[in-house]
Amino acid sequence: MVTAVYPGSFDPMTRGHLDIVTRASHLFDQLVVAVVRNPNKAPLLTLQQRVQLIQTCIQQSERPITNVTVQPFEGLTIDFAAAAGAEVIVRGLRAVSDFEFEFKMSQMNKTLNPCVETLFMMASLEHQFLSSSVVKEVARYGGDISKAVPPAVETLLKEHYQGGLCTLPVASVP
Ligand code: ADP
């Protein structure tokens, strides 16, 4: 049985992330979406909100996804992967922008633990220029993000930025 970990901030999950989750879920027996708590970043959504939102997006996905779990973590991804019994770390690659950072990170992870392989999956053509930060910027000014994020994310961001019923606390950095 091969387990893979797909780590990231997912602040919030986009259709690009969900596409990687869906495709990776077909390649591995178990996929763990690992949501990082990074004390150096101030995310829009709390760790708990990001985890719950990903779970909802997976449940509501057009294609059923059954072998994926979502877990929060803090610390080194490579340590989380080893503790989860994963042999593979999955990362998404968009156009040229991600390559340099991802290449360095994968080399470092290989040095830290040679038993865990990093596997890159190319972003689908329609998601090449999609990022969580662009989504937040568009949503902030009331733009249409329906093609960029799953419906649950769209609802949450709209409510947040339009001052609706749901108010998201900006996660505090300890
Ligand atoms: P980070 O891990 O740097 O905090 P994200 O949470 O945004 O970044 O992304 C997690 C992973 O998903 C990374 O491997 C990133 O390259 C990948 N990714 C981000 N956006 C997309 C996209 N539109 N299509 C495919 N993969 C993506």
Side-chain angles (χ1 to χ4, degrees), residues 4-28 31-58 61-63 65 68-81 84 86 88-110 112 116-140 143-154 156-157 168 170-171 173:
V5 165
Y6 177 38
S9 311
F10 306 105
D11 183 44
M13 172 170 253
T14 67
R15 286 187 186 267
H17 294 133
L18 189 57
D19 180 54
I20 297 286
V21 169
T22 307
R23 288 159 55 201
S25 74
H26 296 145
L27 297 175
F28 303 102
L31 181 71
V32 182
V33 180
V35 187
V36 69
R37 175 183 155 80
N38 184 346
N40 298 319
K41 278 189 188 174
L44 175 73
L45 307 181
T46 66
L47 187 61
Q48 196 190 10
Q49 284 172 325
R50 285 179 278 145
V51 168
Q52 283 173 353
L53 207 46
I54 296 168
Q55 284 167 338
T56 304
C57 293
I58 289 171
S61 171
E62 287 147 23
R63 285 180 280 172
I65 307 169
V68 178
T69 57
V70 187
Q71 289 181 35
F73 81 103
E74 187 168 359
L76 293 176
T77 302
I78 194 75
D79 291 343
F80 176 85
V88 175
I89 292 173
V90 171
R91 295 287 286 176
L93 273 189
R94 285 161 294 184
V96 286
S97 59
D98 291 326
F99 182 78
E100 199 178 341
F101 173 78
E102 294 293 344
F103 186 64
K104 278 191 272 189
M105 209 57 231
S106 67
Q107 292 299 318
M108 178 55 78
N109 283 335
K110 194 76 184 166
L112 291 171
V116 179
E117 211 50 71
T118 301
L119 183 87
F120 295 103
M121 297 185 70
M122 301 309 293
S124 296
L125 210 54
E126 64 270 34
H127 303 134
Q128 286 291 336
F129 301 101
L130 187 52
S131 70
S132 297
S133 43
V134 164
V135 163
K136 284 181 278 190
E137 198 61 16
V138 173
R140 178 187 297 275
D144 180 8
I145 54 167
S146 59
K147 291 191 176 67
V149 294
V153 177
E154 184 186 7
L156 198 71
L157 289 190
L168 297 176
V170 174
V173 182

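Counting convention: from 1, in listed order, for ligands and their atoms alike. In what follows, residues are counted from 1 in the order of the sequence shown. This one's a predicted model, so the numbers in the text were calculated from it and none came from an experiment.
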To the nearest 0.5 Å, what is the distance between [atom1] ([X]) and [atom2] ([Y])?
{"X": "Leu18", "Y": "Glu62", "atom1": "CG", "atom2": "CD", "value": "8.5 Å"}
{"X": "Leu47", "Y": "Phe73", "atom1": "CG", "atom2": "CZ", "value": "9.5 Å"}
{"X": "Thr14", "Y": "Ile145", "atom1": "OG1", "atom2": "CD1", "value": "10.5 Å"}

Report each N/O pair between ligand 1 and the protein that falls under 3.5 Å, naming both atoms.
from: ligand 1; atom 1: 2 (O); to: Arg91; atom 2: NH1; distance (Å): 3.0
from: ligand 1; atom 1: 2 (O); to: Arg91; atom 2: NH2; distance (Å): 3.2
from: ligand 1; atom 1: 4 (O); to: Ser9; atom 2: N; distance (Å): 3.4
from: ligand 1; atom 1: 4 (O); to: Ser9; atom 2: OG; distance (Å): 2.4
from: ligand 1; atom 1: 6 (O); to: Ser9; atom 2: N; distance (Å): 2.7
from: ligand 1; atom 1: 6 (O); to: Phe10; atom 2: N; distance (Å): 3.0
from: ligand 1; atom 1: 7 (O); to: His17; atom 2: NE2; distance (Å): 3.2
from: ligand 1; atom 1: 9 (O); to: His17; atom 2: NE2; distance (Å): 3.2
from: ligand 1; atom 1: 12 (O); to: Tyr6; atom 2: OH; distance (Å): 2.6
from: ligand 1; atom 1: 14 (O); to: Arg91; atom 2: NE; distance (Å): 3.2
from: ligand 1; atom 1: 14 (O); to: Gly92; atom 2: N; distance (Å): 2.9
from: ligand 1; atom 1: 14 (O); to: Gly92; atom 2: O; distance (Å): 3.4
from: ligand 1; atom 1: 16 (O); to: Gly92; atom 2: O; distance (Å): 2.6
from: ligand 1; atom 1: 16 (O); to: Asp98; atom 2: OD2; distance (Å): 3.4
from: ligand 1; atom 1: 20 (N); to: Arg94; atom 2: NH1; distance (Å): 3.2
from: ligand 1; atom 1: 23 (N); to: His127; atom 2: O; distance (Å): 2.9
from: ligand 1; atom 1: 23 (N); to: Leu130; atom 2: O; distance (Å): 2.9

**Any Ser131 side-chain heavy atom under 4.5 Å of Arg94 side chain** =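 In contact.
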**Message:** Looking at Asp19 and Arg15, is there a salt bridge between them, counting it only when a charged N and a carboxylate O are closer than 4.0 Å?
**Reply:** no
**Request:** Just say parallel, tilted or perpendicular for the rings of Tyr6 and Phe10, cut-offs at 30° and 60°.
**Result:**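 If you compare the ring of Tyr6 with that of Phe10, the planes turn out perpendicular.
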